[in-house]
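I have placed the structure first, in the form of structure tokens, so that the comments after it can refer back to it.
So that the names make sense, note that chain A is the first sequence line, chain B the second, and so on, each numbered from 1. All values below come from the heavy atoms of this structure, side chains included, with hydrogens, waters and symmetry mates left out.
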Amino acid sequence: MQQVEQSYLQELNDIQRQAVTTTEGPVMVIAGPGSGKTRVLTYRIAHLINSGIAPWNILALTFTNKAAREMKDRIEKVIGTGAQRVWAGTFHSLFARILRVEAHRIGYPNDFSIYDTDDSKSLIKEIIKSLSLDPKVYNVGAVRSRISTAKSNLMTPKAYANNDDLMSLDKMNRRPMIYKIYEQYVKKCKRAGAMDFDDLLLQMFNLLLKNPDGVRDKYQSQFRYLLVDEFQDTNSLQYEILKLLTVYEESPNNICIVGDDAQSIYSFRGATIENILQFESDFTNVQVFKLEQNYRSTNFIVNAANEVISYNKRQIQKKIWTQSSDGKKIKIIKTMTDSEEGRRVADTIIEQKNRYHYANKHIAILYRTNAQSRVFEEHLRRYNLPYRIYGGLSFYQRKEIKDVIAYIRICVNPKDDEALKRIINYPKRGIGKTTVDKLTAIANDNEISLWQVITQIELKGAHKRTIGGFIETVKTMHQRIITENAYKAALYIAQKSGIIDLLKADNSPEGRSRIENITALLDGIQEFVEDDEIGIDEEAPEDKSLARFLQSISLMTDQDEDQSQVDTITLMSVHAAKGLEYKSVFVVGLEENLFPSYMSLSSPESIEEERRLFYVAITRAEEMLTLTFANSRYQFGQMRFNDPSRFVEEIPDAMTDSAVLQKKKSGFGEPKILGNFKKLSPSKAALPKVSAKDFKASHIDEIEAGKSVLHLKFGKGKVISIDERKVATIRFEQMYDSPEKRIMLQYAKLQVLED
DNA sequence: GGGGGCTATGGGGGG
DNA sequence: CATAGCCCCC
């Protein structure tokens with residue numbers, strides 16, 4: 001045993017080793033990017049097990065399920081078997097597992113449904129309608145997010161209604177009834193036996209707080225060692241649960257939190273840096289370790305990250321450093337359009353692959369919004385570069401999949417109103433909107449679920465056939481769930497529902513692809529059944545039920561999708577890239593209004609969060625970092641012109657390949673002068689220099705076909721034509737590679753020249 | 001009750 | 001641009 005211990009402790013630096021071996025009491029690890037945080041967490045758990053702690057007494061909360069799996073595999077390599085029985089996973093997935101066993105103690109069925117964001121929105125929409133509120137004023141998304149925030153702050157509907165701050169804010173926003181919607185929402189979720197994502201935390205908290213049948217003591221004594229990764233992205237509710245769990249007299253406050261305030265990027269879902277700042281005062285004798293040595297990136301990248309984050313005011317003092325050499329300078333690519341951005345990134349990837357022999361999997365393209373993925377897809381496909389997009393519309397969010405899933409949901413939990421509403425008339429069986437509205441009214445009057453309504457009222461006339469037929473269908477399906485395994489039951493459900501027949505009738509490519517997707521779903525269930533992973537719930541070690549399958553897919557994170565080890569280029573949002581690393585990283589769309597997002601521009605706090613997001617993005621890179629931005633892009637269905645992102649300009653010239661990026665020393669809003677970029681490509685080397693001083697934009701009406709015009713960035717050109725939407729085609733003399741530009745006159749500043 | 005076509009509206013990050 | 005919601009007609 002001594003030998004084993006030696007081998008892994010030797011792989012750590014001094015501070016890492018202290019963080020691993022200080023196993024008792026509260027520990028806070030501040031871990032900069034690439035500082036070996038995962039290694040510390042892994043070895044800490046291995047060390048605990050090595051010291052005689054049972055794996056199932058350890059609770060490790062990770063940010064993705066994939067991270068948890070990888071961690072367990074690595075622990076197993078260090079200490080041998082047993083590691084799989086560590087309780088490791090995301091807050092949501094682990095608490096869902098516990099609630100599957102305990103939910104009945106707090107008034108939910110153990111087979112509760114999990115409402116995703118769409119389900120929540122659809123329910124909230126229904127409530128807004130039933131309260132005769134204006135859906136334009138009561139924006140569903142905004143209301144949902146208010147409710148979610150309230151839950152994350154442990155604010156019940158009653159407490160919400162009594163809170164003057166919240167109520168006056170709602171009144172100011174002309175939405176004084178949110179508290180009422182919240183109240184009904186909670187009621188209806190409960191009635192449907194459903195929990196939304198926040199409930200998985202909130203009900204776990206309630207379970208521990210109310211302590212029915214001593215259940216709190218059970219979990220307090222079980223989880224004797226807690227580890228929390230990415231602590232900066234936890235919200236108050238998560239923190240309160242942790243506080244409840246760490247209380248146990250035989251192992252007081254054995255909690256180790258790992259985080260980095262500079263990488264806090266989830267405040268929009270209630271995460272608060274206060275948790276980190278609070279930790280030291282909430283627990284006594286907190287031992288703090290700061291991991292500041294970066295093992296991931298080159299010196300240029302590390303220093304650029306330090307420079308960028310220094311623009312933020314609020315932060316814990318630390319300096320990330322590396323022993324690595326300077327490495328390659330950070331490459332900056334400026335393009336005219338978003339499409340050209342896609343092409344240049346693909347070109348650069350080809351070049352890097354040739355020169356540095358990178359495999360595809362060593363390369364990632366990171367963007368601020370998922371909608372940006374399309375241009376990169378197009379160009380990568382053109383070059384036959386394999387890629388994979390993470391996030392965005394996932395497999396399980398496709399319509400045909402959600403339809404089949406809804407049938408499964410209703411079989412598992414018939415009270416699931418959102419699932420029922422989705423499929424009661426799909427495929428069409430003559431139960432229209434009017435009928436469903438009537439049923440909903442009866443459900444509301446009697447405070448029961450829709451399923452209870454249709455199975456309890458006397459069906460008359462046509463309803464006897466239509467609704468009665470639906471009930472029979474669901475009942476037969478339900479029977480199969482009891483008698484057959486998950487795969488066979490799901491196969492039966494998919495066929496019996498009529499969805500497969502319906503899609504088979506549609507012989508279009510789309511229809512065929514939908515069938516393929518359903519087949520893939522069934523294959524996935526088959527795989528789930530056959531997969532012999534050791535379950536960690538001792539009460540149901542090998543739960544292969546459809547209920548358990550539904551749970552695992554609704555709690556998947558973006559990084560969890562598709563485990564296939566194919567060699568592909570990664571495309572994902574910066575948020576999704578948290579915790580990952582690549583040899584070469586492209587951070588694209590670095591423009592004002594996009595990154596930072598236009599939503600963030602109004603408050604300094606949210607700009608700081610965007611900057612942390614940028615910090616996360618650039619610190620994903622090991623060797624090569626490429627930053628790109630476009631002069632114009634299609635956004636919201638029209639051509640838009642954005643300034644380069646302030647974040648690009650915060651990186652000192654010495655670290656980039658274009659010392660030419662002229663800084664806007666005089667602040668923002670000044671007209672920019674072209675010629676900022678020297679070595680782009682030979683053809684663009686001599687970009688026109690137009691002096692901003694002499695430039696005077698002409699009125700839109702003065703610009704006519706045939707006239708010569710001056711553009712601040714493109715220089716002198718001739719208007720070829722103007723279409724009815726006031727989009728001008730202009731040929732610019734000095735734009736050699738693509739002289740003809742289409743420019744929207746309402747945005748562009750052009751000066752008419754007298755010939 | 002169902003379906004098609006039109007208009008209006010919104011448009012971030014995610015468990 | 002994509003989708004939701006609406007109106008109209010069968």
Side-chain angles (χ1 to χ4, degrees), chain A residues 61-66 89-96 114-122 125 129 135-136 139-142 144-145 148 151-152 195-202 204 230 233-235 237-238 264-271 366-374 390-394 396-397 399 424-438 461-463 466-467 551-561 572-578 589 593-601 606 609-610 612-614 616-617 633-640:
Chain A
L61 295 150
T62 55
F63 213 71
T64 67
N65 296 302
K66 185 174 160 224
T90 64
F91 277 89
H92 290 90
S93 66
L94 290 180
F95 294 169
I114 297 173
Y115 274 4
D116 65 16
T117 309
D118 289 341
D119 296 320
S120 296
K121 281 187 174 171
S122 139
K125 199 179 283 178
K129 214 171 95 186
K136 289 194 186 87
N139 174 287
V140 200
R144 193 201 73 92
S145 127
S148 173
K151 285 186 173 182
S152 305
M195 297 197 199
D196 63 16
F197 291 129
D198 300 309
D199 278 326
L200 295 174
L201 310 175
L202 187 58
M204 179 70 191
E230 308 282 6
D233 285 325
T234 54
N235 61 33
L237 177 51
Q238 288 167 317
S264 161
I265 54 173
Y266 279 99
S267 74
F268 70 91
R269 61 182 208 210
L366 308 181
Y367 33 74
R368 179 65 181 81
T369 68
N370 286 310
Q372 286 164 255
S373 66
R374 231 199 59 225
Y390 292 80
L393 188 71
S394 89
Y396 297 100
Q397 287 172 301
K399 185 189 175 300
I424 190 165
N425 198 34
Y426 180 81
K428 301 251 176 304
R429 46 173 73 86
I431 309 171
K433 196 174 164 297
T434 325
T435 311
V436 174
D437 283 349
K438 276 186 205 152
H463 290 155
T466 55
I467 301 179
Q551 174 186 319
S552 68
I553 59 170
S554 47
L555 299 179
M556 271 193 353
T557 69
D558 277 343
Q559 288 183 19
D560 296 334
E561 289 175 56
M572 57 167 58
S573 71
V574 182
H575 279 95
K578 182 155 91 143
N593 297 314
L594 183 60
F595 198 173
S597 155
Y598 65 99
M599 311 276 289
S600 72
L601 297 178
S606 46
E609 175 144 323
E610 295 284 311
R612 292 193 293 269
L613 190 59
F614 182 61
V616 168
R633 75 170 57 239
Y634 275 99
Q635 218 177 346
F636 308 143
Q638 57 174 337
M639 178 85 93
R640 309 264 247 170

I want to verify a distance call: between [options], whose nearest atom is closest to the [X] side chain?
X: Thr90(A); options: dG15(B), dG1(B), dG13(B); answer: dG15(B)
X: Arg144(A); options: dG14(B), dG12(B), dT9(B); answer: dG14(B)
X: Lys136(A); options: dG14(B), dT9(B), dG15(B); answer: dT9(B)
X: Met599(A); options: dG12(B), dG14(B), dG11(B); answer: dG12(B)
X: Tyr598(A); options: dG14(B), dG1(B), dG12(B); answer: dG12(B)
X: Asn425(A); options: dG11(B), dG2(B), dG14(B); answer: dG2(B)
X: Ala576(A); options: dG15(B), dG13(B), dG14(B); answer: dG14(B)
X: Lys125(A); options: dG2(B), dG1(B), dA4(C); answer: dA4(C)

Validation row: Asp196(A), Asp119(A) side chains within 4.5 angstrom (heavy atoms):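 No - every pair of side-chain heavy atoms lies 4.5 Å or more apart.
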
Taking donor-acceptor contacts at under 3.5 Å, does the side chain of [X] reach the base of [N]?
X: Glu610(A); N: dG12(B); value: yes
X: Arg368(A); N: dG12(B); value: yes
X: Asp198(A); N: dG15(B); value: yes

Phosphate OP1/OP2 of dG14(B) contacted by Asn370(A) side-chain N/O (<4.0 Å): yes

Short side-chain N/O contact to dG13(B) OP1/OP2 from Ser597(A), under 4.0 Å: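 It does not, given that no N or O in the side chain of Ser597(A) lies less than 4.0 Å from OP1 or OP2 of dG13(B).
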
Nucleotide opposite dG15(B) in a Watson-Crick or G-U pair, distances under 3.5 Å: none

dG13(B) pyrimidine/purine six-ring stacking with Phe268(A), under 5.5 Å and 30°: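 Yes.
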
Test ring-ring contact (aromatic ring centres under 6.0 Å, His included) applied to Phe91(A) and Phe63(A), step by step: CA-CA 8 Å; Phe91(A) 277 89; Phe63(A) 213 71; 8.7 Å; no

Backbone N/O of Gly392(A) and side chain of Asp558(A): donor-acceptor pair under 3.5 Å: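 Judged by distance alone, no pair lies under 3.5 Å.
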
Lys121(A) NZ/CZ over Tyr115(A) ring centroid, <6.0 Å and within 45° of normal: no

